[in-house]
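Below: one structure, written as structure tokens.
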Amino acid sequence: MSTFKSLGVLNYRIWFIGALISNIGTWMQRTAQDWLVFAHLSNHDAGAMGVTLALQLGPQLFLAPWAGLLADRYSRRRLLVMTQSAMAVLSTGLGLLVLSGAAQLWHVYVFALLLGVVSALDAPVRQTFVSELVKDDYLSNAVALNSASFNVARMIGPAVAGVLTVAVGPGWVFMINTLTFLAMLGAIRAIPLSSLRVQPRAAAGKGRIREGLRYVRNRPDIVVVLVAIFIMGTFGLNFVLFIAAMVGTEFGMDAGAFGLLNSVMAIGSVAGALLSARRGRPRMRLIFAAAGGFGLASGLAALAPNYTMFALALIPCGLFALTMITSANGYVQSTTEPVMRGRVMALYMAIFMGGTPIGAPFVGWVSNVAGPRWAVGVAAVAGASTAVVGIVWIIRARQLRLRFDSSARGMRFFRIESQGASGAVKEDSAVKEASAARDPLPDDADQS
């Protein structure tokens, strides 16, 4: 089965199982932490949740260049052991603080910031470690299955956390998450060092960070993908904020309903990731089509009259969001030179997650001032805007124009043609290089 072909590789299978268990624990902690802030420490303040998210994800912006260089220079296996161990310690510390009854809002802020620092170092290493487990032909499939694992965990973790948060409190959820890190550490230890695929390492010396930035600057196809994920990551994917606000403020329900909605949305997310795994290669047009679908689905969610309809609308939101994210991630990884992959993926994660310090407080403010439905509307606008960016890119990269033919009949009056064929417009060199070497648009045209 092409969808699951990477699981036929022993090393990847070990990694997948460990990551799945760890991801379940991570989603349990996220759900418990969000509800702790929203319902216990801030009196239903969506803005406080936004600050927490900003502190946890903000370090991506500042540490990305060094994190990417670490991933390209040193043993990713050893780095993963260090970062996963550090996150286990932080989870334990926050759990003990909550269980002791001493936790205050600023404590959560501090732990969120510390976790954000470690996660910023961990993200590019986790992303690029997959290339050491599977061969290049399997890379896109492995990236998609990673997304599926993450969202299966997202389906299970919040639901379990919602029940446990009501039954025993968020402190015990944090302690359980500590145990799940042992699964990831065990999986890493179980993969023999000698069996990993050898990847080229960045040479020592000055200017290596600038080298990575220069590489991205000369790849306009990657630049437009980064623009797309910035818009979506900053304003479109603040699910925790607007789901919590809709549940607590609009529908007047509890943590169990909040956790259930996160799991419902993950159903669509898993479907989107698995559909992406079936495709042989990520395509540029799919990235932007999925963003447009997400915008439409988010608009329907904003208009949902009740809890049930809102839950149903979240399924296509998750499907389109994960299709877009997985396709963008796979495209960037599979078209980037191996020696640059860590730095490029660090920049990718920084832009994707680092926009949250801007977007999360803004969406929280919109929810507080105008209401939760308007916060969901921000996501709808983000999806539509990303689709527009993609349309502009495709028109420019392929030099398309709409031509009117008065001699034709029906809808054939209008035709989409390439100006490049008649030499009417010259393509700029950067776009031309990207289209010839990297951009899959010509292949798309062959299959359409």
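Index from 1, following the sequence.
In this structure, the side chain of T165 does not engage the main chain of P170 through any donor-acceptor pair within 3.5 Å. For T323 (side chain) and L319 (main-chain N/O), a donor-acceptor pair under 3.5 Å exists by modelled atom type. No donor-acceptor distance shorter than 3.5 angstrom exists from the side chain of R341 to the backbone of S131, with no hydrogens or angles considered. Judged by distance alone, the side chain of S100 and the main-chain N or O of L97 form a donor-acceptor pair under 3.5 Å. A donor-acceptor distance shorter than 3.5 angstrom exists from the side chain of T178 to the backbone of T92, with no hydrogens or angles considered. Under a 3.5 Å cut-off, the side chain of Q333 and the backbone N or O of Q127 do form a donor-acceptor pair. Judged purely by atom type and a 3.5 angstrom limit, R343 has no side-chain atom pairing as donor or acceptor with the backbone of G68. Here the side chain of T83 pairs a donor or acceptor atom with the backbone of L80 at under 3.5 angstrom. With hydrogens and angles ignored, the 3.5 Å screen pairs no side-chain donor or acceptor of Y348 with any backbone N or O of V332.
Taken to the nearest 0.5 Å, the CH2 atom of W15 stands 11.5 Å off from the CG atom of N11.
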Working note: F288 + W393, criterion ring pair (Phe, Tyr, Trp, His ring centres under 6.0 Å); need CA distance, chi angles, decisive distance, verdict.
CA-CA 10 Å; F288 297 106; W393 160 258; 8.2 Å; no
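With sequence neighbours excluded, the residues satisfying ring-ring contact (aromatic ring centres under 6.0 Å, His included) with F242 are F239.
Residue R197 places its CZ atom among more than 12 non-hydrogen atoms of other residues, nucleotides or ligands, all under 6.0 Å distant.
A donor-acceptor pair shorter than 3.5 Å cannot be found between the side chains of T52 and Q33.
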